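Nothing here was measured: the structure is a model prediction, and the numbers come from that model.
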Amino acid sequence: MSIDTKADFDNLIDRIQDLVKKYENNVLHCNQYQIYLANGERISFEVSPWSIAHLLGIRLDYIKSTNLFKNTDAYLLLKEFLENSYSVYRYVQEGRLSYSSLFSNFIEQKLTTFEKVIYYFDPNDIEFICKYDKGRTYQLGLEKNYFCDYFIAKTDPEGNLYGLIRNGTSYMPMTNLYFPKDDKQFTNLKGLLMNQLITYANNVVINNLVTEHKSNRFLHISLKLRKLDTLKRYASSMKGLTIDTAYDLQFILKGLAMKDSKINAYKMVCQQFMKKIKDHEIFSLEQLEEPTKEQLDSEIVLMLETYNDEICNVDNSKAQKTYSNLLGQYKNLEEQVFTLQQQLDRTKQEANSYYEQLQVLEQENVSYQEFQEEILSVVERKRVKQEKS
């Protein structure tokens with residue numbers, strides 16, 4: 001963007017101030033994002049006020065270095081910078097500042113896409129995510145001055161990458177790199193992605209603490225295949241670029257294995273069912289093994305129950321008891337038998353207890369008899385002794 005006159009500068013400041021006001025007045029900036037990646041990692045972030053200046057293309061580090069403003073807090077410094085725009089213009093005219101040092105070369109594109117950075121994150125809108133590791137290029141002597149931990153590439157013709165940096169236990173967007181899809185800028189993108197890892201987003205969870213609104217947006221399998229094709233195109237044209245989707249691949253394989261197991265269970269049930277139809281016999285669900293029964297959908301179970309009912313209902317009479325009725329009665333009787341069995345068990349336990357008490361009483365009775373006989377013997381000996389005397 002070319003700033004040739006004060007009017008150009010004022011228009012730029014007005015645009016920035018307008019976007020800052022939109023940020024402050026829109027509760028969507030309170031969104032908390034969780035992005036689940038195909039490599040098994042999860043990124044949590046929110047758009048904090050301290051990152052706004054960088055996303056708008058304003059170079060705060062340079063502004064701080066001039067010591068022309070008193071605030072050190074990033075957002076307050078941005079507000080002070082905008083409120084003193086006339087002073088900034090004078091500083092430029094005096095040669096104390098320069099527009100090229102104050103603003104990004106791509107500030108026009110950054111301002112245009114600013115609202116998308118804040119509000120719009122959907123798995124399908126993310127072309128790829130790069131887990132950036134300086135060590136991977138440092139070893140090759142190709143290190144770049146990129147300080148972010150992740151880069152999120154949006155699916156748009158402008159070619160915007162949003163850089164995230166760690167902020168405590170989560171992250172926050174800190175930069176907006178502009179890589180239009182032409183030969184020159186694609187070379188720059190190669191420099192960033194060289195020897196790095198890229199993946200795609202499985203789903204994005206958005207939670208707004210102000211509105212209490214929560215959304216969970218998934219990337220369906222058909223779209224995952226398209227994303228994977230996109231990653232392969234990048235990997236084929238960039239040296240050392242690795243695709244990391246192992247976690248999602250494992251998840252998909254497990255799903256396919258479960259689906260295959262379910263299909264096999266259906267095949268077995270269908271084979272048994274066809275034999276029962278041929279022999280005009282009841283198909284008993286109770287005879288199926290429990291793992292097989294668990295894999296049957298409710299529609300299949302209903303179909304089998306309907307068949308059993310029709311087998312019993314030969315004359316199509318409403319008074320005729322169906323298999324389902326009989327099965328229900330059987331289960332009720334089975335429950336009654338179970339209840340009676342429990343009562344019988346309790347009665348047996350009580351009888352055993354009474355029997356044990358009876359044995360104790362019998363033992364006590366024997367002891368009393370022995371004691372009685374001993375007393376009688378003593379009395380008898382005493383009587384005999386008295387008679388002799």
Check this for me, if you would: do Lys79 and Glu83 make a salt bridge, where the nitrogen-to-carboxylate-oxygen distance has to be below 4.0 angstrom?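 Judged by the 4.0 Å cut-off on N to carboxylate O distance, Lys79 and Glu83 do not form a salt bridge.
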Are any side-chain N or O atoms of [X] and backbone N or O atoms of [Y], one a donor and one an acceptor, separated by less than 3.5 Å?
| X | Y | result |
| --- | --- | --- |
| Asn11 | Ala7 | yes |
| Glu80 | Asn71 | yes |
| Asn208 | Val27 | yes |
| Asn25 | Lys21 | yes |
| Lys64 | Ala74 | no |
| Asn365 | Leu361 | no |
| Ser44 | Ser170 | no |
| Arg59 | Phe103 | yes |
| Ser377 | Glu373 | no |

Are [X] and [Y] close enough that some pair of their side-chain heavy atoms sits under 4.5 Å apart?
| X | Y | value |
| --- | --- | --- |
| Leu97 | Val88 | yes |
| Leu189 | Leu161 | yes |
| Asp149 | Leu164 | no |
| Gln359 | Tyr355 | yes |
| Ile52 | Val47 | yes |
| Leu12 | Leu111 | yes |
| Lys232 | Asp229 | yes |
| Phe283 | Val269 | yes |

Evaluation steps, side chain to side chain contact (heavy atoms under 4.5 Å, CB included), between Asn124 and Arg226: CA-CA 10 Å; Asn124 194 38; Arg226 294 183 190 175; over 6 Å; no
Looking at [X] and [Y], what are the two nearest heavy atoms and their distance?
| X | Y | answer |
| --- | --- | --- |
| Leu219 | Ala201 | CD2-O, 3.3 Å |
| Thr175 | Cys148 | CG2-SG, 3.5 Å |
| Ile282 | Lys276 | O-CD, 3.5 Å |
| Asn31 | Glu46 | O-CB, 3.5 Å |
| Ser237 | Lys190 | O-CE, 3.2 Å |
| Ile13 | Ser85 | CG2-CB, 3.9 Å |

[X] with [Y], same ILVMFWY side-chain cluster at under 4.5 Å:
| X | Y | value |
| --- | --- | --- |
| Ile165 | Trp50 | no |
| Phe81 | Val92 | yes |
| Leu56 | Ile3 | yes |
| Leu77 | Tyr86 | no |
| Ile35 | Ile206 | yes |

For His29, the option from Tyr23, Phe114, Tyr75 that meets ring-ring contact (aromatic ring centres under 6.0 Å, His included):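 With His29 as partner, ring-ring contact (aromatic ring centres under 6.0 Å, His included) holds for just one option, Tyr23.
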Rounded to the nearest 0.5 Å, how far does [atom2] of [Y] lie from [atom1] of [X]?
| X | Y | atom1 | atom2 | answer |
| --- | --- | --- | --- | --- |
| Arg217 | Asp125 | CZ | CG | 8.5 Å |
| Ser101 | Asp61 | OG | CG | 12.0 Å |
| Ile129 | Asn39 | CD1 | CG | 8.5 Å |
| Arg166 | Met172 | CZ | CE | 12.5 Å |
| Met174 | Leu55 | CE | CG | 8.0 Å |
| Ile243 | Leu228 | CD1 | CG | 6.0 Å |

Above 12 or not: heavy atoms from other molecules or residues under 6.0 Å from [atom1] of [X]?
| X | atom1 | value |
| --- | --- | --- |
| Lys239 | NZ | no |
| Glu212 | CD | no |
| Lys6 | NZ | yes |
| Tyr62 | OH | yes |

Apply the test side chain to side chain contact (heavy atoms under 4.5 Å, CB included) to residues Asn202 and Tyr200: give CA-CA distance (whole Å), side-chain angles for both, the deciding distance (0.1 Å), then the verdict. CA-CA 7 Å; Asn202 259 328; Tyr200 57 79; 3.7 Å; yes
Under the 4.5 Å side-chain heavy-atom rule for ILVMFWY, direct or indirect, which residues accompany Val205?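 Same cluster as Val205: Tyr36.
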When the ring centroid of Tyr234 is compared with that of Phe128, is the distance short of 6.0 Å?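 Yes; Phe128 has its ring centre under 6.0 Å from that of Tyr234.
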May I ask you to check whether Phe273 and Tyr307 place their ring centers less than 6.0 Å from one another?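 Here the rings of Tyr307 and Phe273 have centres that are less than 6.0 Å from each other.
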Between Arg233 and Ser236, is any side-chain donor less than 3.5 angstrom from a side-chain acceptor?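 Side-chain D/A pair, Arg233 to Ser236: absent.
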Regarding Asp345 and Gln341, do their side chains bring together a donor and an acceptor under 3.5 Å, going by distance alone?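 A pair is found: one side chain offers a donor N or O, the other an acceptor, under 3.5 Å apart.
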How are the rings of Tyr89 and Phe9 set to each other: parallel, tilted or perpendicular (split at 30° and 60°)?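 Tyr89 and Phe9: tilted rings.
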Output, in order, the C-alpha distance, side-chain angles, deciding distance and verdict of side chain to side chain contact (heavy atoms under 4.5 Å, CB included) for Leu231 and Thr245. CA-CA 10 Å; Leu231 299 187; Thr245 58; 4.2 Å; yes
Leu68 and Ile63: CA distance, side-chain angles, deciding distance, side chain to side chain contact (heavy atoms under 4.5 Å, CB included) verdict: CA-CA 8 Å; Leu68 296 173; Ile63 296 173; over 6 Å; no
